[in-house]
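First up is the structure itself, then whatever we jot down about it.
Naming convention: chains lettered A, B, ... in sequence-line order (proteins, then strands); numbering from 1 in each chain.
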There are 2 protein chains.
Amino acid sequence: MHSQNLINVITDALPSLNKSETKVAQVILSDPDAATQSSIATLAKKAQVSEPSVNRFCKRFNAAGFPDFKLKLAKSLASGIRFVNRNVDPDDDVTSYTPKIIDSTINTLAMVRDKISHARVNQVVDKLIQAKRIYFFGLGASGSVARDAENKFFRFNLPVSSHDDVLMQRMLASTGGTGDVFFVISHTGRTKEVVEVAEIARGNGSTVIGLTAVDSPLADMCTVTLDVDVPENTDEYMPMASRIVHLVILDVLATGVTLRRGPDFLPHLEKIKNSLKPTRYRNEN
Amino acid sequence: MHSQNLINVITDALPSLNKSETKVAQVILSDPDAATQSSIATLAKKAQVSEPSVNRFCKRFNAAGFPDFKLKLAKSLASGIRFVNRNVDPDDDVTSYTPKIIDSTINTLAMVRDKISHARVNQVVDKLIQAKRIYFFGLGASGSVARDAENKFFRFNLPVSSHDDVLMQRMLASTGGTGDVFFVISHTGRTKEVVEVAEIARGNGSTVIGLTAVDSPLADMCTVTLDVDVPENTDEYMPMASRIVHLVILDVLATGVTLRRGPDFLPHLEKIKNSLKPTRYRNEN
DNA sequence: TAATTTACGTAAGTTTACTACATATATAAG
DNA sequence: CTTATATATGTAGTAAACTTACGTAAATTA
């Protein structure tokens, strides 16, 4: 199993902690890297609690003791994931908002990595393998995700198309049937048009796959749903990470399909790759 | 250079170590994970040396002492493992290829975060702020990136469009002039058509921004380039992380523009957000 | 072979972390 | 509202771990 990032675990547990534990958590989260280098005494002093409180805190998070906790914390920090404690401020400059945005995306991806259901991924790959035809549907920001998916999946040598036009989507959904897979992408899963389209497709016996939010109306309508629980962007400055997550999940699915197709399929992919060579300037490296 | 993996550093230094240091190194290298969890006493015993020898060994590798050394070792272990098996194997199953792909994307983003030039980002934001019109150009996978960019930047209340049609791109480039910004996206930066389009636009006095590879023909042609040095995908199974990187950089740019516009601009963004509400099913949360 | 440097270990000292216990605070019951 | 009980937090002592100082042994050089 994948070990969940300690920093996220602490953040999630924050509301359930008692007074002194909260103090310790805050000190650690405010500068996790410093925490890995300080002794139990310094940390206790910073958090204004006693040393045993720090020790108990560590044990609460399944560490053998303080040193073991520091070790685990260091490991979490090393995986390229940094804790983003602040959203972009109006007075941030390039040097601060750039890493903030990238870190926030990284964080979201790490969360998805730890929470995504492998069983579901497998189910979706199953459906995609069996598909005679795949339609990728998305509106707005999800429109470009759908388009990217088309660009990935046409390589599998089966009819694939993407659509961001609601009327087109309705028409295609109503003419679909067994063997057709409608892959519906939506961040909220609450856009009426999209949900209706899914319903129509479902009614005709098509397979409907949803890449959308948990417990959304769209999710309820699908044959299989890959639910992504990306925190809503409340902050005006914060860009939606869900597109990125969706794209990466589509990468995962494409990889799954490729692997299922087996090694005999690789020459086909190679052929597509090579087809682009004549369009490029030679690389001198 | 970036901080090298401690295990590699030790391996490299192996020939230059003296007797007891070699013993210590061998014990650590044989099971680095165990080393991070053992005390200086146990490690000394295993290596058949005295405790101070272990301590000196740690200091030789720029650690403050044994605990600090363990910390550094743990860090390189955490990031190292992920780097080592980051490629998808033909016999991987869902539980292994899913985290691999996500981790690989995370690693790429972390690299970009550390290497991206803030000065360049600032320059590009400058150009975008001054633009009277923005065209996003991209082909293939970059086509959907361009489309996503359009979806982000139209919010700034200025004429924005995206194009993935080479002929259309040529025509627009040839009619452009001062005040027009052509934002050209290309993973390789070597696609002839794209480079030519950039050249045409440049010739007419337009600003050409490139989101592309370092030292590529396209990069040479641009007014400002945001070079992204994403490792080429040699592995058939590995999806291109560059799209993701491009999208995130566009997020950064959009944020930069938003911040420059100042707080007076926020109501406008809010208005766009609210415009979607009637299209959605209510969220009961 | 002697001088000098480098390597290594012993033992003492110092820091660090843990445990057991006591007190305080909060919660529930009467 | 008081008492009982559980929970939370701190104090002090102890054990373990780590570091330093110093001395001896080995290796290197003159």
Side-chain angles (χ1 to χ4, degrees), chain A residues 6 9-77, chain B residues 6 9-77:
Chain A
L6 224 196
V9 173
I10 296 174
T11 312
D12 290 349
L14 216 50
S16 68
L17 298 178
N18 51 40
K19 238 181 286 178
S20 55
E21 283 173 335
T22 309
K23 284 192 216 164
V24 176
Q26 280 168 348
V27 171
I28 292 172
L29 292 177
S30 75
D31 192 350
D33 203 66
T36 61
Q37 289 177 336
S38 51
S39 71
I40 194 165
T42 18
L43 196 70
K45 204 174 174 186
K46 261 192 195 165
Q48 313 235 56
V49 297
S50 67
E51 298 186 20
S53 287
V54 176
N55 190 273
R56 281 188 284 261
F57 176 90
C58 298
K59 288 186 174 166
R60 189 182 231 281
F61 289 100
N62 301 316
F66 184 69
D68 184 47
F69 178 86
K70 283 199 289 188
L71 226 65
K72 285 182 170 148
L73 190 63
K75 279 184 185 170
S76 309
L77 287 174
Chain B
L6 188 54
V9 174
I10 297 174
T11 312
D12 290 351
L14 217 50
S16 70
L17 298 178
N18 51 40
K19 238 183 286 178
S20 55
E21 283 173 335
T22 309
K23 284 192 217 164
V24 175
Q26 281 169 348
V27 172
I28 291 172
L29 292 176
S30 74
D31 191 351
D33 202 66
T36 61
Q37 289 176 335
S38 51
S39 72
I40 194 166
T42 24
L43 197 70
K45 204 172 173 186
K46 261 190 195 167
Q48 312 238 54
V49 296
S50 68
E51 297 186 20
S53 287
V54 176
N55 190 271
R56 281 188 283 262
F57 176 89
C58 298
K59 287 186 174 168
R60 176 151 296 210
F61 291 98
N62 301 315
F66 184 68
D68 185 47
F69 177 85
K70 282 198 290 187
L71 225 65
K72 285 183 170 146
L73 190 63
K75 277 185 187 171
S76 13
L77 229 57

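- The phosphate of C:dT10 (OP1 or OP2) has no side-chain N or O of B:S50 nearer than 4.0 angstrom.
- Taking only side-chain atoms of A:P52, from C-beta outward, the nucleotide of D:dA21, C:dT19, C:dC8 with the closest atom is C:dT19.
- Taking atom CD on B:E51 and atom P on D:dT20, their separation rounds to 14 Å, with Å as the unit.
- Following rounding to the nearest Å, B:R60 (CZ) and D:dT19 (P) show an atom-to-atom distance of 16 Å.
- Within the 4.0 angstrom heavy-atom criterion, only backbone atoms of the sugar-phosphate kind lie near A:K70; the bases stay farther away.
- With A:F57 as the fixed residue, the side-chain contact (heavy atoms from CB on, under 4.5 Å) test singles out one of A:T22, A:L43, A:V24, A:N18: A:V24.
- Rounded to a whole Å, the CD atom of A:Q48 is 14 Å from the C1' atom of D:dG10.
- Between B:D68 atom CG and D:dA17 atom P the separation is 19 Å, expressed in whole Å.
- Partners of B:E51 according to the side-chain hydrogen bond (donor to acceptor under 3.5 Å, both in side chains) rule, which considers only residues two or more places apart in sequence or in another chain, do not exist here.
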Could you walk me through whether A:L6 and A:F69 pass the side chain to side chain contact (heavy atoms under 4.5 Å, CB included) test, one step at a time? CA-CA 9 Å; A:L6 224 196; A:F69 178 86; 4.0 Å; yes

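- One interatomic measurement links the two molecules: CZ of A:F69 to P of C:dC18, which rounds to 12 Å at whole-angstrom precision.
- In this structure, A:N55 does not reach the C:dA17 phosphate: none of its side-chain N or O atoms is under 4.0 Å from OP1 or OP2.
- Residues B:T36 and A:L71 come closest through the heavy atom pair O-CD2, 3.1 Å.
- The 5' end of DNA chain C is approached more closely, in terms of each residue's nearest nucleotide, by A:I40 than by the other of A:I40 and A:R56.
- Although no hydrogens or angles enter the test, the distance criterion places no donor-acceptor pair under 3.5 Å between the side chain of B:S20 and the main chain of B:V49.
- When rounded to the nearest whole Å, the span between NZ of B:K45 and C1' of C:dG9 equals 17 Å.
- Contacts with DNA chain C (heavy atom under 4.0 Å) in residues 14-22 of chain B: B:N18, B:K19, B:S20, listed by number.
- Between D:dT20, C:dA17, D:dA17, one nucleotide has an atom nearer to the side chain of B:K59 than all others, and that is D:dT20.
- Using a 4.0 Å heavy-atom cutoff across all strands shown, A:V54 reaches no nucleic acid atom at all.
- Between B:S39 and D:dA16 there is no side-chain polar atom (N or O) within less than 4.0 angstrom of OP1 or OP2.
- Side chain of B:K70 to backbone of A:P67: no donor-acceptor contact under 3.5 angstrom is found.
- With sequence neighbours excluded, no residue satisfies side-chain hydrogen bond (donor to acceptor under 3.5 Å, both in side chains) with B:K23.
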